[in-house]
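Report on the structure given below.
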There are 2 protein chains.
Amino acid sequence: MARSLRKPKAAGRPPEVRPSAQQAENLRRSRRDRAVETAQDYVEAIADLSASLGEARVVDLARRLGVTHVTVNRTLTRLQQAGYVNTQPYRAIFLTDSGRKLADECKRRHQTVAAFLRKLGVSEKTAELDAEGIEHHVSPETLATFEKLLARR
Amino acid sequence: MARSLRKPKAAGRPPEVRPSAQQAENLRRSRRDRAVETAQDYVEAIADLSASLGEARVVDLARRLGVTHVTVNRTLTRLQQAGYVNTQPYRAIFLTDSGRKLADECKRRHQTVAAFLRKLGVSEKTAELDAEGIEHHVSPETLATFEKLLARR
DNA sequence: ATCAACATGTAGCCTATGTTACATTTCAAA
DNA sequence: TTTGAAATGTAACATAGGCTACATGTTGAT
Ligand SMILES: [Mn+2]
Ligand SMILES: [Mn+2]
Ligand SMILES: [Mn+2]
Ligand SMILES: [Mn+2]
């Protein structure tokens, strides 16, 4: 059974239709999505807190995101460099236009996913829980499909 | 508008039903899921490669996962410590019983999610792409719902 | 049997994201 | 006006997961 270390030349036939290459692409995108999850969760939280409290403070974000204020601080530095937020020392955090736009997209995606799961019969709590993760991996095509099915009936 | 740094005492009323705490819990779980995504993708890939090639080699995994062999090596060290794989220098990688069990679960989840998306009308390619990310965030309840709906009709 | 090409291993670097411990700033209340 | 508790900032550390460059091991072909 043990295949040798080096593969023989695969006589003649085409070098396989490389399912691995497609798999790799999919996994790469999945990892790329993962990298922007943080930004999405932050701007969404900032938008929510701004709406409900009037402004978003570091402590509020930390509580809401379930991390320490240190983590929030460092991430905000990155988000500012990325152009999503404006911060000043000891002041509240505000979204840029770009950040607000991202937040709106995220909120819409989040709500669509959650609503879709509920419509399938998934419990309120589980729908909200799963949506928090799934929202970052739903392509525009899939999101459109969800919305179409939500509109029906 | 600018809320003061320190909040006033919130006279009398209960200290709000803490939606933040629930949000934080959801986000924490989402991050926890993220942390095990790697393990899941690896054991799934190892199982696939073992089935199609007879064994899983580091280069095959690197190609399939879309990373370098260095990354594969280090991750395999962690997976071995976690008890999912057995490795020996310069030899193929094998799943432990625990690893095989995890791989089976992942494969089932992956297939269910992909099949469900296809059934909704999502294109083959997009279904596969989205499933690669979504699979890690689908709770047992949601998975069961998907399966039930797949069985119908 | 030799050996070069490929597979595998390792050293050292990076970023993202989490933590605890401690320093500094702000402002509501005394 | 003073002041101390809460908020915010910062230093130092840890782990996961990427990478390049280079060293070492294996084995199919010659
Ligand atoms: Mn989320
Ligand atoms: Mn969300
Ligand atoms: Mn995956
Ligand atoms: Mn998968």
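In what follows, chains are A, B, ... by sequence order, proteins preceding strands, each numbered from 1.
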Item checked: Backbone N/O of G66(A) and side chain of R28(B): donor-acceptor pair under 3.5 Å -> yes
Checklist line | Length of the line joining Q81(A):CD and dT15(C):P, which is rounded to integer Å | finding: 11 Å
Notebook entry, point to check: Is it true that a side-chain atom of E135(A) and a backbone atom of V113(A) form a donor plus acceptor pair closer than 3.5 Å?
Noted result: no
Check: Pick the nucleotide of DNA chain D nearest each of R28(A) and A92(A); which residue has the one closer to the 5' end?
Finding: A92(A)
Next item on the list: Nearest 0.5 Å please: distance from the OG atom of S123(B) over to the CZ atom of R118(B).
Entry: 10.5 Å
Next item on the list: For nucleotides 9-18 of chain D, just jot down a letter per nucleotide in 5' to 3' order: B, S or -, based on protein non-hydrogen atoms under 4.0 Å.
Entry: BBB----SBB
Check: Heavy atoms, side chains only, cut-off 4.5 Å: are N26(A) and K125(B) in contact?
Finding: no
Notebook entry, point to check: What integer distance in Å separates D60(B):CG from dA7(C):C1'?
Noted result: 10 Å
Next item on the list: Calculate the interatomic distance between R57(A) atom CZ and dT25(C) atom P; express it in whole Å.
Entry: 16 Å
Margin query: Which label fits H137(A) and H137(B): parallel for a plane angle under 30°, tilted from 30 to 60°, or perpendicular past 60°?
Written below: parallel
Checklist line | Qualifying residue for side chain to side chain contact (heavy atoms under 4.5 Å, CB included) with L76(A), from N86(A), T71(A), I93(A) | finding: I93(A)
Check: E55(A) CD to dC27(C) C1': how many Å, rounded?
Finding: 13 Å
